2 protein chains.
Amino acid sequence: MKCISNKSSEERIKEAARKVFLKKGFDGTTSRDIAEEADMNIALTNYYFRSKEKLFLEIFKDLLTLYFQNTLDIFNKDIDFKSKIFEAIDHTYAMVSEEPDLCNFIMNEVHRAPERLIPDLNFLRQVKHTQLGQQLEEEIKKGNIRPIGIENVIPMLCGYIQFIFMGKNMHMKIFEVDEEQFKQYALDHKERIKEMILCYLYI
Amino acid sequence: MKCISNKSSEERIKEAARKVFLKKGFDGTTSRDIAEEADMNIALTNYYFRSKEKLFLEIFKDLLTLYFQNTLDIFNKDIDFKSKIFEAIDHTYAMVSEEPDLCNFIMNEVHRAPERLIPDLNFLRQVKHTQLGQQLEEEIKKGNIRPIGIENVIPMLCGYIQFIFMGKNMHMKIFEVDEEQFKQYALDHKERIKEMILCYLYI
DNA sequence: GCTATTTTTAAATGTTTGTTTAAATTATCT
DNA sequence: AGATAATTTAAACAAACATTTAAAAATAGC
């Protein structure tokens, strides 16, 4: 009946695993990678989490939440449509700046083996029905915005800037720029996305 | 001094490897996966290609060419700017429709281990200097198009629609649609991207 | 048709993989 | 302080891994 004790060990493993999984993906990560990153015995991974798979699923859930929850909250905020668009884009940009492997990780894991992630992915269905969607419909009704479905708007707010970051290495190779120059480029492109969306939506 | 002979075996392995690598990525693919897909002995992979890594690099090069070459050719075609934009977008759409794993594969492999791919990636530098870039500059000089760098235009033509396909599984989960409905959605979104780009570029 | 070369095979190589074991250590509670 | 439970450890596990070997089979040239 010991349960309080070492929160630290379990947490250290989880943090290490998160770091390694984010960088190398599930297939590219070994139990020893995680143990080494956490500076702990290999057996502890299976002591605290029953398997590499279970540990991964826990971490994936956290990272999927990180990937979506804040955006979802913004979609449901009580602010006007245009401000919401700006805020969603700015937040997406901030998120991928802070966690540069997150998009590639989520995209790749979902693409490679969606089945095992289905329980977690169900959480995403909230995205379909948000206040942003209602506001969009209203604006369309008012004639301010051209007819368009929310499923077309969301990738504009989140996906376009994500793509820029996902292709970071390729961009740096193609245009022969360094990290700092890329950062400035991404920032500039983000503002262009904003203007482009407004330009397209408002007739 | 036999060299003519069995082109078929080497080719069969390469095709099998291409298929498996595309689906599972380098880390997720085993030599046995490839041998099984090709229905050949495991040793043949190392007989024809010296290692899994070397086989992968050969295939990666092919797939990177598939990913970029046609787009590059379009960029250098002798047609007007606006037609070129349409054609580039339509081609990107056709490419990812035909090879649905290609974007995820390229993005992920480049992201995960760019160093080993550098020799191949150098080929990408052609993208920086194309006739499309010159045409863009001219249009800007003429005052038809707002000031913008080619590095901002290319993702609009290629990346945005790619992102839609890369997130296919997630989209289907979020909006609870099937393959056919997704296809229609992607087609619609592609046309919106075209209009959005024109709407943004031409002042 | 025989020899030399290339291709294919089954088997084995030594590592690395995820996971387990059982003993040692540490912490907890009375 | 001593008994009990939780944690950590080193070692081992079998399975899967990429790769190699050496012999068998197929093919080539003379």
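Naming: A, B, ... by sequence-line order, numbering from 1 per chain. Note that the structure is a prediction, hence the values are computed from the model and not measured.
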Engineer: Take atom CD of E10(A) and atom C1' of dA27(C), then tell me their distance rounded to the nearest Å.
Structural biologist: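 Taking CD of E10(A) and C1' of dA27(C), I get 17 Å after rounding.
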
Engineer: Using 4.0 Å as the upper bound for N to carboxylate O, is an ion pair formed by R18(B) and D62(B)?
Structural biologist: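 Looking at R18(B) together with D62(B), the answer is no, because their closest N to O distance does not fall below 4.0 Å.
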
Engineer: dT19(C) C1' sits how many Å from M40(A) CE, rounded?
Structural biologist: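 Going from CE in M40(A) over to C1' in dT19(C) covers 17 Å.
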
Engineer: When you check the gap from the basic side-chain N to the acidic O, do K77(A) and D73(A) get nearer than 4.0 Å?
Structural biologist: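 Judged by the 4.0 Å cut-off on N to carboxylate O distance, K77(A) and D73(A) do not form a salt bridge.
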
Engineer: May I ask you to decide whether K190(A) forms a salt bridge with D90(A), counting only side-chain N to carboxylate O separations under 4.0 Å?
Structural biologist: yes

Engineer: Take the angle between the ring planes of F105(B) and F60(B) and call it parallel below 30°, perpendicular above 60°, tilted in between.
Structural biologist: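 F105(B) and F60(B): tilted rings.
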
Engineer: Do the rings of F165(A) and F182(A) sit parallel, tilted or perpendicular, given the 30° and 60° boundaries?
Structural biologist: perpendicular

Engineer: From CD of E11(A) over to C1' of dT7(D), roughly how many Å is that when rounded to an integer?
Structural biologist: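 About 17 Å, once rounded to whole Å.
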
Engineer: Roughly, in whole Å, what's the span from NZ in K54(A) to P in dG18(C)?
Structural biologist: 15 Å

Engineer: For dG18(C), does OP1 or OP2 lie under 4.0 Å from any side-chain N or O of T45(A)?
Structural biologist: no

Engineer: Roughly, in whole Å, what's the span from CG in L44(B) to C1' in dA24(D)?
Structural biologist: 14 Å

Engineer: Rounded to the nearest 0.5 Å, what's the gap from OG1 on T71(A) to CG on L157(A)? Could you check?
Structural biologist: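 Going from OG1 on T71(A) over to CG on L157(A), the span is 9.0 Å.
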
Engineer: So which protein N/O to nucleotides 18-21 of chain D N/O distances come out below 3.5 Å?
Structural biologist:
{"residue": "dA18(D)", "atom": "OP1", "partner": "T29(B)", "partner atom": "O", "Å": "3.4"}
{"residue": "dA18(D)", "atom": "OP1", "partner": "S31(B)", "partner atom": "N", "Å": "3.2"}
{"residue": "dA18(D)", "atom": "OP1", "partner": "K52(B)", "partner atom": "NZ", "Å": "3.4"}
{"residue": "dA18(D)", "atom": "OP2", "partner": "S31(B)", "partner atom": "N", "Å": "2.7"}
{"residue": "dA18(D)", "atom": "OP2", "partner": "S31(B)", "partner atom": "OG", "Å": "3.4"}
{"residue": "dA18(D)", "atom": "N7", "partner": "R32(B)", "partner atom": "NH1", "Å": "3.2"}
{"residue": "dA18(D)", "atom": "N6", "partner": "R32(B)", "partner atom": "NH2", "Å": "3.4"}
{"residue": "dT19(D)", "atom": "OP2", "partner": "K52(B)", "partner atom": "N", "Å": "2.7"}
{"residue": "dT19(D)", "atom": "O5'", "partner": "N46(B)", "partner atom": "ND2", "Å": "3.3"}

